[in-house]
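Worksheet for the structure shown next.
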Amino acid sequence: MKMSRLIGQTRKEAPAGTSARSHELLLRGAYIHQVAAGIFSYLPLGQRLMQKISAILRREIEAIGGQEVNMPVAQPADLWQQSGRWYKIGAEMSRFIDRKGHDMALAMTHEETTGDLVHQFIQSYRDLPRLIYHLQTKWRDDPRPRAGLIRVREFVMKDSYSLDSSWEGLEQQYRNHYSAYFRIFDRCGLPVMAVLSDTGMMGGSIAHEFMYPGEVGEDTILFCPDKDCGYSANRQVAKFQKPVPVKEPLSPLEEVATPNCKSIAEVSQFLRVEPNHCAKMVFFVASLTYPEGQTRKQQQTQEQNGQKLVAAVLPGNMELNETKLTTLLNSLFGVRELRPAEEAEIAAAGAVAGYASPVGLQTEDCIVVADELIIAGSNWIGGANKEGFHVRGLNYGRDFEAQQVGDICAAAAEHPCPNCGKKMESTKAVEVGNIFQLGTFYSEAMDCYFTDESGQEKPIIMGSYGIGVGRLAACIAEQHNDEDGLIWPISVAPYQVHLLSLAGAKEPEAEKVAQQIYRDLQAAGIEVLFDDREERPGFKFKDADLIGIPIRLMIGKRSLENGGVEYRLRGRKQGKETPKTFWPVADVVNRTGMEIARLEEEIQSAVRNVEYRA
RNA sequence: CGGGGUGUAGCCUAGUGGCUAAGGCGUCUGCUUUGGGAGCAGAAGAUCGGGGGUUCGAGUCCCUCCACCCCGACCA
């Protein structure tokens, strides 16, 4: 590709409103162009980057038996009604009505269309196992797109779907993906950690996320520093060894005046007790799942009605984990949404914010959920549901009860590892991939059954596995850059070679050599970006640094005088100690080919075979 | 959805009630220059996000709508 003809202009200055390094560099390097919040066009360089990454994804998924298909972005509502997600998912799914008046949805993911395919084409145990995958656009109307390609609304995802007749088969395909994902990220030069994760809207039982650790991430993950232990989990589901409270003889419930003590910190200081003796209350309002078969109008009406106040009780030295709370609540009823309650809503249930207690809260519309520590412990300090007063000697069972008991505490750094008890560490991270054991939820809902050896009808056992291509590109950019610009690993670089003609107007010879080398490299099948523009050398160097293609070849009067073509690796500083490298013109194609092979070998040798670890 | 911020030429910015909206980058023309974003001369490019209002006068103040960014809620 000749740069004189390339669409997209590089920029010296960072566009306003970029906070992530990858966002800034991808914009400045003319890789992407923002069309609206979370919606991007990919310019030629960006598109080639995406295709390189896609090629890696295809290669590794095919290697574990994947067959590429293509499922649609526009989907009939029936499919989503069958799975029930039409009723469970809120505004994140965009819906529209086609000209015939049919409800339609834009694909957020493709479990439903997979079910549709499977229903049609898989009937017998002989048709299993199978693995299908595609690279297709997803639309998720995210309320808060941010940081360039890190969090967008429209994006291409590699998603695969495994189909099995047995749970052992699912386990095998799940493990295959687990290892394949590590190979994919290794090939992209991206360090990741696999962590246990929440199943969220996907449903299913077991799930892992592949996390790229870094400040640009929004997730927090916890992990055990002990390599042999290896426990790691998203904060949303992370467990930890909780201190077991000593059960004391129950003391009587008594009110104490605690003027102006609304927070746990204030109360514990005022009463001179440790926060872990206080019972903390956190209030939420849960919106319930729409009953199946409801029209959208009925759903809108239900918005106001189908809500319940949730009062969570946990020790004062712990933070509440909303995901754990939601999961617990889901065992009682379907939760579509959980949001913090407002003071008026809390008051309506008879509680006083700041002095709240679970005592006397069991009304029709209020659900009390208690952490297991509250049950195990005794004689808690809690609110009196009366402005300016708390109580001592608050005890579960005697003074109050909960509809649901479980673990609702958030794990944090320093908490003991649930496996080995060592202090865990935490880091922020970006989710670049996930794998889910879906089980039979979708196959049962969407009538995907097969006949087994004994002639019995059984639901197909499914798994689903995703990697966001654009987000992956952004993470690679986050990982591989310096003050001058991007530094792509050769495996994903839009071109393997950046050829710069540094010939001035009075140096037609050098220009001719550059043109010839460009043609020779192309003829040899080497991907080359040729800077043939009429610009000064310095200008071209800056652009080449910004764009970040790994191998740079430079031809000018000076290089010819020094023996031919100057070779340089992007990202390797050309200090006084490292002498410049020149290749004879006749050798350039050969040497370049060898250099590409060497760089590819470097990547290849970094590809690990990571064994599955639950 | 809540809080904060920003909208001025393709990009980055200045302009804080008063003359024809200013500069840099980029673009175009010519000359000159050619190993780390050169120099000179000239040119084009803006209904100052939209609408409404206050005022003799609004890019500037007020209202309103929209868009984008950041934080939170949210999503994964």
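Per chain, numbering begins at 1; letters A, B, ... match sequence-line order. All of these numbers come straight from a predicted model, not from anything done at the bench.
Distance NZ (Lys540(A)) to P (rG37(B)): 15 Å, rounded to an integer number of Å. Rounded to an integer number of Å, the gap from CD of Glu535(A) to C1' of rU32(B) is 15 Å. Between the P atom of rC75(B) and the CG atom of Leu106(A) lies a distance of 19 Å, rounded to the nearest Å. Here the C1' atom of nucleotide rG37(B) and the CG atom of Asp531(A) are 12 Å apart, to the nearest Å. Taking atom CD of residue Glu13(A) and atom P of nucleotide rG23(B), one finds them 16 Å apart after rounding to whole Å. The NZ-P distance, from Lys542(A) to rG26(B), rounds to 14 Å in whole Å. Between the CZ atom of Arg140(A) and the P atom of rC75(B) there is a distance of 12 Å, given to the nearest Å. Rounded to a whole Å, the CD atom of Glu534(A) is 16 Å from the P atom of rG35(B).
As the counterpart of rA14(B), no nucleotide is assigned, since no Watson-Crick or G-U wobble pattern has both distances under 3.5 Å. Remark: rU6(B) base-pairs with rA67(B); criterion is Watson-Crick or G-U wobble with both hydrogen-bond distances under 3.5 Å. With a 3.5 Å ceiling on both atom-pair distances, rA21(B) lacks any Watson-Crick or G-U wobble partner. The nucleotide rC74(B) finds no pairing partner, because no Watson-Crick or G-U wobble arrangement with both distances shorter than 3.5 Å includes it. In this structure rG35(B) sits in no base pair that meets the Watson-Crick or G-U test at under 3.5 Å. With a 3.5 Å ceiling on both atom-pair distances, the Watson-Crick or G-U wobble partner of rC28(B) is rG42(B).
Each of rA76(B), rG36(B), rC11(B) was ranked by its minimum atom distance to the side chain of Arg11(A); first place goes to rC11(B). Listed candidates were rA76(B), rG37(B), rG35(B). Nearest to the side chain of Asp219(A) is rA76(B). The side chain of Glu431(A) lies closest to rA76(B), out of rA76(B), rU34(B), rC25(B). Proximity note for Asp142(A) (side chain, C-beta onward) versus rC74(B), rA76(B), rC71(B): the nearest is rC74(B). With rU34(B), rA73(B), rC12(B) as the choices, the nucleotide that has an atom nearest any side-chain atom of Arg144(A) turns out to be rA73(B).
Nearer to the 5' terminus of RNA chain B, by closest-nucleotide assignment, is the contact made by Phe539(A) (compared with the other of Val35(A) and Phe539(A)).
Residue contacts shown for Gln34(A) are limited to sugar-phosphate atoms, with no base heavy atom under 4.0 Å away. Within 4.0 Å (heavy atoms only), Asn434(A) reaches sugar-phosphate atoms of the nucleic acid but no base atom. Contacts of Ala147(A) with the nucleic acid, taken as non-hydrogen atoms under 4.0 Å apart, involve only primed sugar atoms and P, OP1 or OP2. Base engagement by Arg151(A) is indicated by at least one non-hydrogen atom pair under 4.0 Å involving a base atom. Counting non-hydrogen atoms under 4.0 angstrom, Arg28(A) reaches a base of the nucleic acid. Note on Thr18(A): nothing from the nucleic acid sits closer than 4.0 angstrom, heavy atoms only. Among the protein residues, Glu322(A) comes within range of the sugar-phosphate backbone only, with heavy atoms under 4.0 Å from sugar or phosphate atoms but none that close to a base. Residue contacts for Ala14(A): at a heavy-atom cut-off of 4.0 Å it reaches the sugar-phosphate backbone alone, with no base atom in range.
Rounded to a whole angstrom, the distance from the C1' atom of rG59(B) to that of rU6(B) is 14 Å.
Between Arg536(A) and rA38(B) there is a side-chain polar atom (N or O) within less than 4.0 angstrom of OP1 or OP2. Put simply, Arg146(A) has no side-chain N or O that comes within less than 4.0 Å of OP1 or OP2 on rC70(B).
A salt bridge does not link Arg235(A) to Asp219(A): none of the charged side-chain nitrogens sits closer than 4.0 Å to a carboxylate oxygen. Between Asp532(A) and Arg5(A), none of the side-chain N atoms (NZ, or NE/NH1/NH2) sits under 4.0 Å from a carboxylate O, so this pair counts as no salt bridge. In summary, Glu24(A) and Arg21(A) engage in a salt bridge, as defined by a charged side-chain N under 4.0 Å from a carboxylate O. Comment: Glu112(A) engages Arg85(A) in a salt bridge, judged by a side-chain N to carboxylate O separation of less than 4.0 angstrom.
Counting atom types as modelled, Gln9(A) pairs no side-chain N or O with a base atom of rG10(B) as donor and acceptor under 3.5 Å. Between the side chain of Arg533(A) and the base of rG26(B), no donor-acceptor pair under 3.5 Å is found.
A distance below 6.0 Å separates the ring centres of Trp488(A) and Tyr31(A). Aromatic ring centres of His208(A) and Tyr178(A) lie closer together than 6.0 Å.
Taking the six-membered ring where tryptophan is involved, the planes of Tyr567(A) and Trp583(A) are essentially parallel, since the angle between them stays under 30° and well short of 60°.
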